[in-house]
Novice: 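Here's a structure for you.
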Amino acid sequence: MVKKFLVGVASAGMALTLAACSGGGAGESTDETSAAATGGSEPVVEGGLVGVAMPTQTSERWIADGDAVQSGLEELGYEVDLQFANDDIPTQANQIDQMITNGAEALIIASIDGTALASQLEAAAAADIPVIAYDRLIRDSENVDFYVTFDNYNVGVQQATSLLVGLGLLNQDGSEGDAAGPFNVELFAGSLDDNNAHFFWQGAIDTLQPYLDDETITVPSGQTDIEQTNTLRWQQETAQKRMEDLLTSTYTGSDLELHGVLSPYDGISRGIITALQNAGYGPSIADGLPVVTGQDAEIASVKLIADDIQSATIFKDTRKLAAQAITATDDYLSGGEPEANDTETYDNGVKVVPSYLLESDIVYADNIQSLLVDSGYWTAEEVEAGVAE
Ligand code: GAL
């Protein structure tokens with residue numbers, strides 16, 4: 001994966017901030033190289049400290065997000081305090097407290113529980129520190145300034161669409177497929193404390209509803225409510241266990257065959273696939289493994305897609321998300337406001353948070369090359385190995 005994040009030259013706003021911070025006039029050096037060139041007498045001007053709080057390192061996407069945000073901000077001259085919280089809410093709260101104590105001038109937060117950071121956010125607001133919610137909305141607080149994310153409802157639509165394509169009910173171009181069904185499907189949702197999980201679920205269910213209504217698709221377990229299908233902290237092991245339980249309770253010893261599983265995230269998908277293969281399905285889709293969806297284009301899952309084991313995933317280009325977070329931070333720290341492209345969708349319970357939404361794509365085996373390799377997200381060797389270099 002291309003880890004280096006290219007931002008180009010500092011924006012005009014950033015240059016102004018640097019000039020203002022240095023207290024110098026026009027033409028004054030603001031970078032280390034030219035300070036050295038003039039004999040090193042000028043102090044090196046820093047762009048200020050930005051705190052970046054990421055949820056966990058157990059999923060490679062958050063590591064990539066953290067790397068991209070850090071390197072992009074550093075290229076603009078900011079100092080970055082990047083922390084991962086091991087999916088533990090008190091750890092994340094402490095990390096953010098520490099960032100504020102250390103003088104962070106802006107915070108970029110991908111929360112674990114979108115409602116659990118109230119006191120940190122109050123402290124940030126009291127110190128005039130702008131807070132940018134990263135990919136996951138921070139809920140129930142006045143003190144979140146901006147939100148950078150993807151069109152999460154549409155991600156859910158794409159997940160359900162990829163399930164319908166995998167089952168043969170739709171073709172990739174959206175036209176009706178050759179298959180007639182009926183199909184047996186089980187449903188998985190993400191972590192209830194993550195606002196995104198509800199958007200993914202709603203987009204998916206709205207898309208599946210006509211097929212559920214006319215019984216082209218049935219859910220033999222009867223578990224069709226997000227309260228029954230959610231996966232705390234998006235954990236692979238939790239998903240594997242639930243899939244095992246579903247097989248035991250509903251399929252084993254009956255003549256029911258499972259045809260597809262809606263999964264909202266690649267880690268969950270891998271847990272589901274392990275349970276299915278252990279129960280004798282597959283090993284590949286061609287051998288009868290149910291169609292399993294996903295999200296994030298994690299390299300291990302991209303290889304499974306290339307190998308006809310996972311059916312599809314949703315590609316959300318974390319480089320573009322990081323770029324938006326960096327632009328928003330730089331806008332705030334230059335005295336401006338970031339530009340939103342959505343000011344309606346993301347009501348956090350207290351206010352509608354101005355948002356910048358990005359688009360996502362469905363990855364199938366036959367577009368791994370065009371979407372992921374040609375764009376430099378993964379190399380062909382990484383896809384072949386299933387491991388990031
Ligand atoms: C969500 C995010 C997904 C996936 C999931 C599990 O908040 O939008 O892309 O990463 O968390 O980490």
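The structure displayed is predicted, hence computed values, not measured ones. Read the numbers this way: they start at 1 and go in the same order the structure lists the ligands and their atoms.
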Novice: Determine whether the aromatic ring centres of Tyr147 and Tyr346 lie less than 6.0 Å apart.
Specialist: yes

Novice: Report yes if Ser59 has an N/O atom closer than 3.5 Å to an N/O atom of ligand 1; otherwise report no.
Specialist: no

Novice: Does the distance from a Lys or Arg side-chain N to an Asp or Glu carboxylate O, for Glu298 and Arg270, drop under 4.0 Å?
Specialist: yes

Novice: Atom 2 (C) of ligand 1: which protein heavy atom is closest, and how many Å away?
Specialist: Asp135 OD2, 3.3 Å

Novice: Starting from atom 4 (C) of ligand 1, locate the nearest protein heavy atom and write down its residue, its atom name and how far away it is, to 0.1 Å.
Specialist: Asp296 OD2, 3.2 Å

Novice: Under 4.0 Å from any heavy atom of Lys316, which atoms of ligand 1 are there?
Specialist: 2 (C), 3 (C), 8 (O), 9 (O)

Novice: What heavy-atom pair brings Ala204 and Leu262 nearest, and what distance separates the two atoms?
Specialist: CB-CD2, 3.8 Å

Novice: What residue and atom, counting heavy atoms only, is the protein's closest point to atom 11 (O) of ligand 1, and at what distance?
Specialist: Arg136 NH2, 2.9 Å

Novice: Between Asp194, Asn195, Asp87, which one has a non-hydrogen atom sitting closest to atom 1 (C) of ligand 1?
Specialist: Asp194

Novice: Please work out which of Tyr134, Phe150, Phe199, Trp234 has its closest non-hydrogen atom nearest to atom 6 (C) of ligand 1.
Specialist: Trp234

Novice: Using the benzene-type ring in the case of Trp, are the ring centres of Phe146 and Tyr356 under 6.0 Å apart?
Specialist: no

Novice: State whether the shortest distance between N or O atoms of Asn152 and N or O atoms of ligand 1 falls below 3.5 angstrom.
Specialist: no

Novice: So, for Gln70 and Leu82, which heavy atoms are closest and what is the spacing to 0.1 Å?
Specialist: OE1-CD2, 3.5 Å

Novice: To the nearest 0.1 Å, how far is atom 12 (O) of ligand 1 from its closest protein heavy atom, and which atom is that?
Specialist: Trp62 NE1, 3.0 Å

Novice: Taking side-chain hydrogen bond (donor to acceptor under 3.5 Å, both in side chains) as the criterion, tell me which of Thr149, Asn195, Asn152 meets it with Asp135.
Specialist: Thr149

Novice: Verify whether one side chain among Asn143 and Glu122 offers a donor that lies under 3.5 Å from an acceptor in the other.
Specialist: no

